[in-house]
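Throughout, protein chains are lettered first and strands after them, A, B, ... in sequence-line order, and every chain is numbered starting at 1. Quick note: numbers below take in every heavy atom, side chains included, and nothing from hydrogens, waters or symmetry partners.
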2 protein chains.
Amino acid sequence: MNAEAQIKKGRKFDQVIEGARSVFMREGYEGASVDEIARDAGVSKATLYSYFPDKQHLFLAVLETECAQQAEVEFLEDTGDLTVEETLHVICKTLITFILSRFGQDMFRVCVAEAQRFPELGRAFYDSGPKKWGRKIALYLETSKAQRTLCIDDSLLAADQLAQLCRADLMLKVLFGIQNNPTEDEIDRVAAEAVKTFLARYRRP
Amino acid sequence: MNAEAQIKKGRKFDQVIEGARSVFMREGYEGASVDEIARDAGVSKATLYSYFPDKQHLFLAVLETECAQQAEVEFLEDTGDLTVEETLHVICKTLITFILSRFGQDMFRVCVAEAQRFPELGRAFYDSGPKKWGRKIALYLETSKAQRTLCIDDSLLAADQLAQLCRADLMLKVLFGIQNNPTEDEIDRVAAEAVKTFLARYRRP
DNA sequence: CCGAAACTGAACCGAATGGTTTACGTTGCG
DNA sequence: CGCAACGTAAACCATTCGGTTCAGTTTCGG
């Protein structure tokens with residue numbers, strides 16, 4: 001018996017998900033047509049409907065896998081011999097790069113657009129994205145090494161402030177099409193400024 | 001001759017815009033049907049189409065007026081005898097309240113969703129929203145009164161960092177339906193924390 | 001190499017879409 | 001009043017939508 005849960009029958013399951021993913025991300029929920037998805041997936045509509053009862057379930061299945069994928073993004077496991085400041089900088093760069101990535105932007109866009117129509121989607125995205133990052137950062141802030149340098153009473157809020165500082169300048173510009181491909185230098189600068197502001201507030205005196 | 005530019009003919013023009021506004025904000029662009037808009041506006045479809053050549057132009061006309069309205073939101077004109085810290089707190093509270101308002105959330109949602117399909121919309125929203133706020137805050141940071149207390153080299157980035165700190169905790173929770181009606185106390189706390197972090201970085205030593 | 005399961009392609013359905021037109025009221029100003 | 005502009009309701013159009021059906025082909029394990 002295969003270890004992978006193969007309850008979902010059929011060989012072309014992944015094709016369907018992948019086609020649906022690309023069309024939904026490009027067109028949004030209402031803008032995507034099932035015919036286009038089937039065409040894009042290289043699959044007949046009948047096959048598609050043998051996997052999913054309707055468009056809605058297909059949409060949610062896609063975003064389920066996307067949220068799962070989003071939840072698995074990691075920043076540097078071991079902080080090694082980096083200083084706290086250096087570690088924070090790495091964390092910020094990783095977060096900013098993720099936020100500005102095609103994947104991050106598409107996910108954000110679609111989930112913002114459809115969070116009203118699909119309330120459970122809103123929560124799923126928030127949990128696997130912003131909340132997860134907040135938790136991870138807060139966890140680092142509570143390590144004994146960080147505690148030796150920092151003085152924080154509410155580590156979750158502090159983590160969220162840091163994450164929010166990472167969105168300064170670039171995030172909205174990219175989201176609304178004002179800027180397209182931020183250079184690594186720009187990302188580095190925003191990260192540096194975020195860390196600077198964060199440490200000014202939370203560095204142990 | 002009337003001072004108001006009355007190029008747009010017809011008495012029910014405003015009704016149409018208002019109906020379109022409410023339906024578009026509720027359903028998004030693709031989700032909104034012209035029939036529903038006409039019904040909601042209390043107007044026949046023929047009348048609607050006598051004002052606008054098609055759905056797209058109607059959509060853009062609605063968001064044009066919304067962006068204009070968004071651009072006119074003001075925070076405390078004269079800072080009076082408030083300290084810089086108090087003024088920043090007022091600015092933050094005003095911004096947070098706006099961001100979390102029904103209007104602010106709906107605008108953000110729709111513009112994020114359709115910025116791909118309508119690139120000019122993305123820019124219009126950014127200019128009349130985030131950019132305008134950034135400019136206003138930066139302008140205050142550059143007043144001689146603020147300069148006496150603060151030490152800032154890049155006032156636009158500083159302003160954006162402050163605005164971004166205002167989005168900590170509550171903004172994404174509301175956007176994704178995790179939280180519904182933040183109390184004034186919660187808003188006050190986020191504002192206070194934003195100012196605290198901001199001043200830690202930028203207060204003149 | 002057989003047979004069942006998976007898949008295909010295209011036709012088909014009813015409903016709804018954006019958009020147009022027609023034939024008929026209503027309003028208000030000179 | 002008279003008349004033109006404004007507005008209406010409803011029928012109408014072609015197209016597209018999500019979803020179903022089915023006869024036929026491909027795939028693949030036993």
**Request:** Report, as a single string ordered 5' to 3', how protein heavy atoms within less than 4.0 Å touch nucleotides 15-27 of chain C: B base, S sugar-phosphate only, - not at all.
**Result:** --SSBBB-----S
**Asked** Can you check the B:D14 CG to D:dC6 P distance for me, whole Å?
**Response** 15 Å
**Item:** A:R39 CZ - C:dG9 P separation (whole Å)
**Value:** 13 Å
**Asked** Given D:dT8, is OP1 or OP2 found less than 4.0 Å from the side-chain N or O atoms of B:S44?
**Response** yes
**Spacing of A:L48 atom CG relative to D:dG18 atom C1', expressed in whole Å** = 11 Å
**Request:** Answer with yes or no after comparing the ring centroid distance for A:F59 and A:F52 against a 6.0 Å cut-off, counting only values under it.
**Result:** no
**Request:** Evaluate salt bridge (charged side-chain N to carboxylate O under 4.0 Å, His left out) for A:R21 paired with A:E18, printing each intermediate quantity in order.
**Result:** CA-CA 5 Å; A:R21 193 196 63 81; A:E18 171 50 30; 3.2 Å; yes
**Prompt:** Does any N or O in the side chain of B:E186 come within less than 3.5 Å of the main-chain N or O of B:T183, such that one atom is a donor and the other an acceptor?
**Reply:** yes
**Request:** Check side-chain hydrogen bond (donor to acceptor under 3.5 Å, both in side chains) between B:D106 and all other residues, then give those that pass, not counting sequence neighbours.
**Result:** B:R102
**Request:** For A:E193, enumerate each residue passing the side-chain hydrogen bond (donor to acceptor under 3.5 Å, both in side chains) test, keeping only those at least two apart in sequence or located in another chain.
**Result:** B:R201
**Request:** State whether A:Y51 places a side-chain N or O below 4.0 Å from either non-bridging phosphate oxygen (OP1 or OP2) of C:dA6.
**Result:** no
**Item:** B:Y51 side chain near B:H57 side chain, heavy-atom distance below 4.5 Å
**Value:** no
